[in-house]
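Ligands are counted one by one from 1 in listed order, and the atoms in each one are counted from 1 as well. Everything numeric in this text was worked out from a predicted model, so none of it was measured.
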Amino acid sequence: MAYSEKVIEHYENPRNVGAMDKNDSGVGTGMVGAPACGDVMRLQIKVNGQGIIEDAKFKTYGCGSAIASSSLVTEWVKGKTLEEAMTIKNSQIAEELELPPVKIHCSVLAEDAIKAAVEDYRKKQGGVSVAAPAEMASVQAAH
Ligand code: FES
């Protein structure tokens, strides 16, 4: 399998590798696994009082495409609002990294991880005003 130059570049120089304190109320943590291959991605965001993502970190136990996808996404979310971060699509990641069809699920992992991180952050804030009532009900039902 030939990786694109962009994947190799991120793989060799991953941005924002690391961890944040998941108990920090300003940090949202998303941990997701890919059923297709068993790879796991953890993505964390640090959100300021204005609802802007100030920092992002990731740790990925997975293939080169998954590492590149999470590295790229941490760059993309910085400076974005939570709402903007939620609109990131795996197809944008796949396009940017020129992922072949068999590697599309790696970019899905990154989209799912950022969504999970935003949801975790929102839950910590008590769901105030950011989640619609129906959405909150389903989040609570999941626990
Ligand atoms: Fe599964 Fe890439 S092969 S995340």
Side-chain angles (χ1 to χ4, degrees), residues 1-48 50-128 130-132 134-143:
M1 157 96 42
Y3 281 122
S4 73
E5 275 175 29
K6 283 177 184 163
V7 169
I8 292 166
E9 203 276 314
H10 274 277
Y11 182 75
E12 288 181 343
N13 308 287
R15 327 293 198 267
N16 309 308
V17 174
M20 297 175 188
D21 178 5
K22 67 175 169 35
N23 296 317
D24 182 332
S25 63
V27 170
T29 301
M31 181 104 173
V32 293
C37 60
D39 290 349
V40 177
M41 185 180 291
R42 187 188 64 207
L43 208 142
Q44 295 182 294
I45 52 172
K46 171 93 183 155
V47 184
N48 70 16
Q50 282 73 49
I52 308 286
I53 298 170
E54 276 185 341
D55 199 7
K57 295 259 183 264
F58 82 91
K59 193 104 204 193
T60 293
Y61 305 92
C63 73
S65 298
I67 289 167
S69 296
S70 38
S71 169
L72 179 67
V73 152
T74 55
E75 286 198 310
W76 277 359
V77 296
K78 279 196 207 177
K80 281 194 163 61
T81 64
L82 295 172
E83 287 73 18
E84 286 167 346
M86 289 295 270
T87 67
I88 292 175
K89 294 270 171 299
N90 84 282
S91 54
Q92 298 168 302
I93 300 164
E95 189 180 336
E96 173 68 22
L97 295 174
E98 297 161 18
L99 298 182
V102 298
K103 289 285 168 179
I104 296 301
H105 77 269
C106 320
S107 62
V108 172
L109 209 51
E111 179 187 329
D112 288 350
I114 186 66
K115 289 204 159 84
V118 169
E119 271 158 27
D120 180 58
Y121 171 77
R122 285 178 169 171
K123 212 162 56 194
K124 279 186 180 166
Q125 310 311 304
V128 201
V130 281
E135 194 181 322
M136 279 184 62
S138 66
V139 166
Q140 282 159 1
H143 287 82

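Looking at His105 and atom 1 (Fe) of ligand 1 together, the shortest N, O or S contact belongs to NE2.
In summary, the atoms of ligand 1 found under 4.0 Å from a heavy atom of Ala66, numbered by their order in the structure, are 4 (S). Near Asp39, meaning under 4.0 Å from any of its heavy atoms, are these atoms of ligand 1: 1 (Fe), 2 (Fe), 3 (S), 4 (S).
The angle Cys106:SG - atom 2 (Fe) of ligand 1 - Cys63:SG amounts to 100°, with values rounded to 10 degrees.
Note on Arg122 versus Glu83: salt bridge recorded, some NZ/NE/NH1/NH2 to OD/OE distance being below 4.0 Å. Between Arg15 and Glu9, at least one side-chain N (NZ, or NE/NH1/NH2) sits under 4.0 Å from a carboxylate O, which counts as a salt bridge.
The local environment of NZ in Lys115 is crowded, with over 12 non-hydrogen atoms from other residues, nucleotides or ligands closer than 6.0 Å.
If you run salt bridge (Lys or Arg N to Asp or Glu O under 4.0 Å) between Asp55 and each of Lys80, Lys78, Lys46, only Lys78 comes through. Considering Leu99, Leu109, Val108 in turn, Val108 is the only one that fulfils the side chain to side chain contact (heavy atoms under 4.5 Å, CB included) rule with Asn90.
What sits closest to atom 1 (Fe) of ligand 1 on the protein, heavy atoms only, is Cys37 SG, 2.1 Å.
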